[in-house]
Amino acid sequence: MQRNERLLSINKQYFNWSDQQVNDFRRKLLNWYDQEGRDLPWRRTKDPYKIWVSEIMLQQTQVSTVIPYYERFIEQIPTIKDLAVYPTEDLLNLWQGLGYYSRVRNMQIAAQQIVELYEGQMPNNMKELLTLKGIGPYTAAAIASMAYNIAEPAIDGNLMRVTARLFEIEEDISQPKSRKIFKDILDRLIDPDRPGDFNQALMDVGATIMTPSAHRPENHFLKEFDQSYQNHTSHLYPVKKKKTKQLQQEWLAYQIQNNRGHYLMRQHQVGELLEGLWHYPLVQLDLLALNNSKETKEAFFYTYLDEESIVAEEDAIIKLKNNFEITMKELSTPIQHIFSHRKWQVAVLPVRIEGSGQELLDYLQINDSSFTWVDPLSLGDYALSKLQIKLFDRLSE
DNA sequence: AAGCCGGGGTG
DNA sequence: CACCCAGGCTT
């Protein structure tokens with residue numbers, strides 16, 4: 001029993017699309033790609049060598065940087081056999097400025113492997129591709145799908161970000177073991193008729209639409225398939241552990257005050273920590289840093305407001321419909337609050353709004369009815385947590 | 001699983 | 001400045 005529950009919680013089933021939905025997705029994606037896909041030099045060839053060169057260059061390197069290097073490299077070294085015997089010093093010269101120079105050294109070793117073992121012909125299957133120096137799971141899948149039409153998803157940062165948003169995947173993409181989740185889904189999604197185009201189409205989606213900084217989804221052509229778009233949670237995906245590992249959680253408390261000096265407060269609901277107690281609206285900064293960046297300051301509004309309510313945003317100002325403006329100041333120095341099982345770092349962000357704030361409350365209550373305006377003089381009528389009392393104390397310092 | 005490799009772009 | 005980018009190798 002216990003083990004079953006554990007298995008269930010681990011093997012969360014993200015994929016529940018019908019065959020019909022899968023077919024619709026493929027058709028929409030590839031139609032878009034045919035119309036809007038980027039025209040890149042290595043997309044005009046099926047030569048596995050050229051695709052290989054482009055994929056190695058594109059590792060951790062942006063497309064616009066790669067293009068001139070790619071053109072020059074292919075012109076100087078047009079085949080695998082040429083690469084195998086090219087003077088290493090000249091090789092590094094062709095690579096100069098691209099960085100990660102072991103990439104090109106490994107590529108020459110692999111070219112020599114190919115000449116010795118495969119008569120100079122690039123292997124045409126995943127197993128053999130993966131034996132070549134410098135070719136890992138991503139690059140092998142890219143070559144297999146693009147040059148040989150093998151239905152293998154090329155799972156890179158783009159595909160993980162797109163997939164994580166489509167299915168609201170909670171697994172940390174920085175952990176190698178999470179890869180299986182993405183592969184299981186993409187194995188079922190990939191179009192067996194056009195696997196190379198499918199991979200490149202998803203990469204283009206990740207590079208041009210569902211970009212890392214697109215915290216609020218545009219009205220994009222895959223929105224009907226995008227679970228995070230439907231739920232207004234795109235800014236939460238992909239989940240990626242911060243490099244500086246924190247033993248504690250970071251929160252931002254929004255001290256939102258209207259023109260009467262009343263505070264916007266929220267009663268924590270069933271299932272939340274500190275259930276039933278009233279607090280400044282709190283947002284956990286899983287993915288954002290506790291600093292004065294625009295994204296951090298706006299986190300509350302993207303958590304609780306529908307995107308339709310937000311018509312504009314500037315440095316410290318968010319505008320809602322009806323020209324309603326919200327002005328944010330600077331974060332306070334965080335305070336620490338220790339529970340039995342976790343430590344919170346909580347900073348306060350003072351926010352001023354125009355008027356009585358009824359419009360804001362109306363917007364908020366579309367999604368969450370637990371907000372209200374509270375007169376500081378009647379705070380005695382509300383149950384407050386120790387944390388919230390500390391936050392008030394900080395205010396009066 | 002974590003550290004390393006490198007340069008450029010972005011907010 | 002911090003973070004990101006069509007990752008893979010070594011330890």
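Keep in mind it's a predicted model, so treat the numbers as computed, not measured.
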Enquirer: Answer yes or no: does a side-chain N or O of A/Arg105 lie under 4.0 Å from OP1 or OP2 of C/dC9?
Expert: no
Enquirer: Heavy atoms from C-beta onward define the side chain here; which of C/dC4, B/dA1, B/dG6 lies closest to that of A/Pro212?
Expert: C/dC4
Enquirer: Counting only heavy atoms not in A/Gln121, do more than 12 fall under 6.0 Å of its CD?
Expert: no
Enquirer: Looking only at side-chain atoms of A/Tyr101, point me to the closest of C/dG8, C/dC5, B/dG6.
Expert: B/dG6
Enquirer: Let me know, please, whether A/Ser213 or A/Ser102 comes out on the 5' side of the other along DNA chain B by nearest nucleotide.
Expert: A/Ser102
Enquirer: Quick one about A/Glu170 and A/Tyr237 (side-chain donor to acceptor, distance below 3.5 Å, no hydrogens or angles considered), yes or no?
Expert: yes
Enquirer: Select base, sugar-phosphate, or nothing to describe what A/Arg161 touches, counting heavy atoms under 4.0 Å on all strands.
Expert: sugar-phosphate
Enquirer: Ignoring hydrogens and angles, are the base of C/dA6 and the side chain of A/Arg38 linked by a donor-acceptor pair under 3.5 Å?
Expert: yes
Enquirer: Could you please name the option among C/dA6, C/dC4, B/dA1 that lies closest to any side-chain atom of A/Lys177?
Expert: B/dA1
Enquirer: Take the protein atom CG of A/Leu132 and the nucleotide atom P of C/dC9, then report the distance between them rounded to whole Å.
Expert: 10 Å
Enquirer: Nearest-nucleotide wise, let me know which of A/Asn106 and A/Asp204 is further upstream toward the 5' end of DNA chain C.
Expert: A/Asp204
Enquirer: Below the 4.0 Å mark, does C/dG8 have OP1 or OP2 next to a side-chain nitrogen or oxygen of A/Thr139?
Expert: yes
Enquirer: Base, sugar-phosphate or nothing for A/Ile56? Non-hydrogen atoms, less than 4.0 Å.
Expert: nothing
Enquirer: Go nucleotide by nucleotide along DNA chain C from the 5' end; which of A/Gln62 and A/Gly136 gets its closest nucleotide reached first?
Expert: A/Gln62
Enquirer: So, OP1 or OP2 of C/dT10: does either fall under 4.0 Å of a side-chain N or O from A/Lys133?
Expert: yes
Enquirer: Measuring only the P atom in each nucleotide, how far is B/dC5 from C/dA6? A whole number of Å is fine.
Expert: 22 Å
Enquirer: Do A/Ser145 and A/Arg194 meet the criterion of a side-chain donor-acceptor pair at a distance under 3.5 Å?
Expert: no
Enquirer: If we count only N and O atoms by modelled type, under 3.5 Å, do the side chains of A/Arg266 and A/Ser370 hold a donor and an acceptor together?
Expert: yes
Enquirer: On a whole-Å scale, what distance lies between the P atoms belonging to B/dG6 and C/dT10?
Expert: 14 Å
Enquirer: Give the rounded distance in Å between these two atoms: CD of A/Gln60 and C1' of B/dC4.
Expert: 12 Å
Enquirer: Would you find more than 12 non-hydrogen atoms of other residues, nucleotides or ligands less than 6.0 Å from A/Lys46 atom NZ?
Expert: yes
Enquirer: Establish, from distance only, whether the side-chain atoms of A/Glu55 and A/Tyr138 form a donor-acceptor pair under 3.5 Å.
Expert: yes
Enquirer: Would you mind reading off the distance between A/Tyr100 atom OH and C/dT10 atom C1', rounded to a whole angstrom?
Expert: 14 Å
Enquirer: How many whole angstroms separate atom CG of A/Leu98 from atom P of B/dG8?
Expert: 10 Å
Enquirer: Could you give the CG-to-P distance, from A/Asn158 to C/dC5, as a whole number of Å?
Expert: 7 Å
Enquirer: If I take atom CG in residue A/Leu130 and atom C1' in nucleotide C/dG7, what distance separates them, rounded to the nearest angstrom?
Expert: 13 Å
Enquirer: A/Asp156 has a side chain; which of C/dC5, C/dA6, C/dC9 sits nearest to it?
Expert: C/dA6
Enquirer: Within the 4.0 Å heavy-atom criterion, would you say A/Val63 contacts the bases, only the backbone, or no part of the nucleic acid?
Expert: base
Enquirer: Answer with base, sugar-phosphate or nothing: what part of the nucleic acid does A/Leu40 contact at a heavy-atom distance below 4.0 Å?
Expert: base
Enquirer: Within the structure shown, what part of the strands sits under 4.0 Å from A/Gly206 by heavy-atom distance: base, sugar-phosphate, or nothing?
Expert: nothing
Enquirer: Taking atom P of C/dA6 as reference, at what distance in whole Å does atom CZ of A/Phe182 sit?
Expert: 15 Å
Enquirer: Is there a donor in the side chain of A/Gln59 and an acceptor in the side chain of A/Thr139, or the other way round, less than 3.5 Å apart?
Expert: yes
Enquirer: Reckon A/Trp42 touches a base, only the sugar-phosphate, or nothing at all at heavy-atom distances under 4.0 Å?
Expert: base
Enquirer: Is there a side-chain contact between A/Gln59 and the phosphate of C/dA6, meaning an N or O under 4.0 Å from OP1 or OP2?
Expert: no
Enquirer: Using the P atom in both, what is the distance from B/dG3 to C/dC3, to the nearest Å?
Expert: 15 Å
Enquirer: Which nucleotide, C/dA6, B/dG6, C/dC4, lies nearest any side-chain atom of A/Glu55?
Expert: C/dA6
Enquirer: Tell me: CE of A/Met107 to P of C/dC9, nearest whole Å?
Expert: 13 Å
